[in-house]
Amino acid sequence: MKNIYSEKLVSWYFLSPILFIHFFVIALPSILSLALCFTDWNGFGKIQFIGFQNFTELFDDRVFKIAVWHNFIWTIFFLTVPIAIALLGAFILTGVKRFQLVYRFIFFFPYILASVVNCLIWKYLFHPKHGLHTFFEDLGINFFQNSLLTQKETSLLAVGFVDAWHFWGFLVVIYITAMYQVDDTLYEAAEIEGASKWQKFRYVTFPSIRPMFVFSILIIMIWSVPAFDYVYILTGGGPAYSSEVLANYLHFQAFRNMNVGYASAIGALMFIYVFIITGIFGLLRRLEWEF
Amino acid sequence: MIANPRLRKLPIANHVILTILALSIVLPIAILFFNSIKPRAEIGLNPLGFPNEIRFENYYDAFVKANYADVFLNSFILVAGTLLVCIPLSGLAAFSLAILKSGKKLTATVGLYLLVGLSIPAQLYILPLFILWKFLHLNNSFIGLIIIYSALNAPFAVFLIRSYMVQLPAELFEAARVEGANNFQLFLKIAVPLSWPVFLTSSLVVGLAVWNEFLFAVTFIYDDSIKPISTILFSFSDRYKNDYTLVSASAVMMALPMVILFILFQRNFIVGLTSGSMKS
């Protein structure tokens, strides 16, 4: 009995240093935040408990509602465009022998570049004076006449595009890993049946990679909520809140306005959303729902 | 000659699509590089093409103007410090979960705790963390940010290293235990030397994450003298926004160390970055 006890204690000795750090950086502040969202604290001075007032104010806050809507659009955009391109890229790549590694290297490349660098690349390309416009102007296309980042109608999707441009290669790699685990005899059978490329994808490839596909949907839904870097660097949420998202708005409320309670309330709502999404996916998995 | 002409044409169509996709990535990056070696006057005349005149001095100018010698050192301290704290401690934790008979319950609980930690959006805790760090005088300092980065990357590192260590043969550890080795010796003399590939992979991925990190860097460091490269490049690009040659050169300089590492350790990066996220 005593022996088991000491074994257990030893396990804790090894675990505790990193758990200690992790607790102080992530767990403790998260708990504090969940408590502070019921107060009107401004970072110093007295902390006053105000119940759900922050939340009722949030639901009347025009900018907050805009940000929620934009995060929704952002999520839908990432669930469609990058996934479609990555599926296409990965499916074609598995059928290609020559240069396959070169393509994979290229597709993945922007994922290792810093957000600041990727943003600089595209800020330049969107610039009307010397960016893509100078090239497309000669072809008679005026789409890039004004920077897509500085127009109200396009700023959000332009930022999303830059983020997706750096991200989709990541999806290619995880899809390709899954596609290589597909049993070759299935393709041979499809070949004998005379299946077209699309049919092979639809009836052989896609069902086999479905777990990975569901996984990619999960991480996109989770990662779309705290999306920050690209918005902050490219537009700062503007012009006129046209690219404002929750993370950027929270950052503004927290570090410009020092509205600790209000910002914590936004954070709490983001956390609840992520919690619900992971909960749903976890539940589906537990119910052994066919992915 | 070939019965079905579609079979012959398809590979070409495939390569066309792949080439278009590849160009959409290569060209923007190439343009950044071209601009970094152009004379400033050429930007207006030749904004997208290969430079007519090559001017490598842009790199020197940017290096001096952005004070990159110090900035690189700042980023290097952050990367090295995080690796020194995060990787050994994560290795210890992974060893405990993988090798020590810590019981299924403990492993599951710790795993769940780290998973929940991974899925919490940083925005939830960044502000209380900032206040806490201010109170402890840890904000605006390397050590404060190193602790944060270590915590942020710990779940990834623990999961990745653990997934490698569970595959090590248990007999090795039992034999050493019979010889009288204690747990720490098992870790240092057997587990670490045998799992060095996963230590390399996790160090590369964590190093990359720290080098590129923006949100915590911009929030927690506000003295220019200790800012890392990501936030310096951000403010530099704003200050010199009319001189694209300088901005491009400094962006290339920021990317270069990671690009070289990526070329050398491509497999480690791809496996680490993708499997790391799949563990969750």
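A, B, ... follow the sequence lines: proteins, then strands. Residue 1 opens every chain.
Between B:Phe33 and A:Ile121 the shortest side-chain heavy-atom distance does not fall below 4.5 Å. Taking 4.5 Å as the limit, every side-chain heavy atom of B:Leu261 sits out of range of all side-chain heavy atoms of A:Ile112. Under the 4.5 Å side-chain criterion, counting only non-hydrogen atoms from C-beta, A:His22 is not in contact with B:Leu89. In this structure, the side chains of A:Ile106 and B:Val26 come closer than 4.5 Å at one or more pairs of heavy atoms. Two residues are said to be in side-chain contact when any heavy atoms from C-beta on lie closer than 4.5 Å; B:Pro28 and A:Trp165 meet this criterion. You'll find the side chain of A:Leu15 stays beyond 4.5 Å of the side chain of B:Val158, heavy atoms only. Inter-residue side-chain proximity for B:Leu114 and A:Leu19 is flagged as met; some heavy-atom pair is nearer than 4.5 Å.
Counting all heavy atoms, side chain and backbone alike, A:Val116 lies closest to B:Ser230 at CG2-O, 3.5 Å.
Top candidate by heavy-atom pairs under 4.5 Å with chain B, chosen from A:Phe99, A:Phe108, A:Phe275, is A:Phe108. Ranked by heavy-atom pairs under 4.5 Å with chain A, the list B:Leu48, B:Val116, B:Val110 is led by B:Leu48. Contact count against chain B (heavy-atom pairs under 4.5 Å) is highest for A:Pro29 among A:Pro29, A:Gly89, A:Gly267. Interface check for chain A: of the options B:Thr19, B:Leu18, B:Val85, B:Ile131, the most heavy-atom pairs under 4.5 Å are formed by B:Leu18. Chain B forms the most heavy-atom pairs under 4.5 Å with one residue out of A:Ser264, A:Ala268, A:Pro226, A:Ala254, and that residue is A:Pro226. Taking A:Leu32, A:Asp229, A:Val102 one by one and counting their heavy-atom pairs under 4.5 Å with chain B, the maximum is reached by A:Asp229. With respect to chain B, the highest number of heavy-atom pairs below 4.5 Å among A:Trp122, A:Phe228, A:Phe20 belongs to A:Phe228. Interface remark: of the candidates B:Ile120, B:Thr231, B:Leu132, B:Val252, B:Ile120 forms the most heavy-atom pairs closer than 4.5 Å to chain A. If you tally non-hydrogen atom pairs under 4.5 Å between each of A:Phe24, A:Phe271, A:Tyr103, A:Tyr273 and chain B, the highest count goes to A:Tyr103.
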Test log, rule side-chain contact (heavy atoms from CB on, under 4.5 Å), inputs B:Leu215 and A:His251: CA-CA 10 Å; B:Leu215 169 62; A:His251 203 263; 3.8 Å; yes
Begin from the C-alpha positions of B:Thr274 and A:Thr177 and carry the test side-chain contact (heavy atoms from CB on, under 4.5 Å) through to its verdict. CA-CA 10 Å; B:Thr274 52; A:Thr177 322; 5.5 Å; no
With side-chain contact (heavy atoms from CB on, under 4.5 Å) as the test, would you mind laying out the steps for A:His127 and B:Tyr244 before giving the verdict? CA-CA 11 Å; A:His127 198 290; B:Tyr244 278 100; 3.5 Å; yes
Steps toward side-chain contact (heavy atoms from CB on, under 4.5 Å) verdict (A:Val25, B:Ile147): CA-CA 8 Å; A:Val25 174; B:Ile147 294 173; 3.9 Å; yes
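Interface residue B:Trp133: only side-chain heavy atoms are found under 4.5 Å from chain A. For chain B, the nearby part of A:Leu125 is the side chain; its heavy atoms alone come within less than 4.5 Å. Within the 4.5 angstrom heavy-atom criterion, atoms from both the backbone and the side chain of A:Phe109 approach chain B. Both the backbone and the side chain of B:Gln123 have a heavy atom closer than 4.5 Å to some heavy atom of chain A. Proximity to chain A is limited to the side chain of B:Leu32, based on heavy atoms less than 4.5 angstrom apart. Contact annotation for B:Asp238: neither backbone nor side-chain heavy atoms come within less than 4.5 Å of a heavy atom of chain A. For A:Val260, the parts sitting under 4.5 Å from any heavy atom of chain B are the backbone and the side chain alike. In this structure, chain B has no heavy atom under 4.5 Å from any part of A:Ile31. With a 4.5 Å cut-off on non-hydrogen atoms, B:Ile229 does not touch chain A at all. For chain B, the nearby part of A:Ala263 is the side chain; its heavy atoms alone come within less than 4.5 Å. Proximity to chain A (any heavy atom under 4.5 Å) is shown, for B:Ile148, by both the backbone and the side chain. Interface remark: A:Leu28 contributes side-chain atoms only to the contact with chain B (heavy atom separation under 4.5 Å).
Taken to the nearest 0.5 Å, the CG atom of B:Leu124 stands 5.0 Å off from the CG atom of A:Leu34. For the atom pair CH2 (A:Trp168) and OG (B:Ser24), the distance works out to 5.5 Å, reported to the nearest 0.5 Å. A distance of 12.0 Å separates SG in A:Cys37 from CG in B:Leu127, rounded to the nearest 0.5 Å. To the nearest 0.5 Å, atoms OG (B:Ser150) and CD1 (A:Ile21) are separated by 5.5 Å. Atom CZ of A:Arg104 is separated from atom CD1 of B:Ile270 by 6.5 Å, given to the nearest 0.5 angstrom. Once rounded to the nearest 0.5 Å, the distance linking OH of B:Tyr125 with OG of A:Ser33 reads 11.0 Å.
Between B:Tyr113 and A:Phe23, the distance separating the two ring centers is not shorter than 6.0 angstrom. No close placement of the B:Phe269 and A:Tyr111 rings is indicated, their centers lying 6.0 Å or farther apart. Side-chain rings of A:Tyr13 and B:Phe184 stay apart, their centers remaining 6.0 Å or farther from each other.
Ring planes of A:Phe14 and B:Phe187: perpendicular class, angle over 60° (limits at 30 and 60°). Taking the six-membered ring where tryptophan is involved, the planes of B:Phe234 and A:Tyr232 are tilted, since the angle between them lies from 30° to 60°. A:Phe255 and B:Phe130 have perpendicular rings, their planes meeting at more than 60° on a 0 to 90° scale where under 30° would count as parallel.
Counting non-hydrogen atoms of other residues, nucleotides and ligands closer than 6.0 Å to NZ of A:Lys200 gives a total above 12.
Partner A:Leu113 forms a side chain to side chain contact (heavy atoms under 4.5 Å, CB included) with one of B:Asn212, B:Leu208, B:Val259 and no other, that one being B:Val259.
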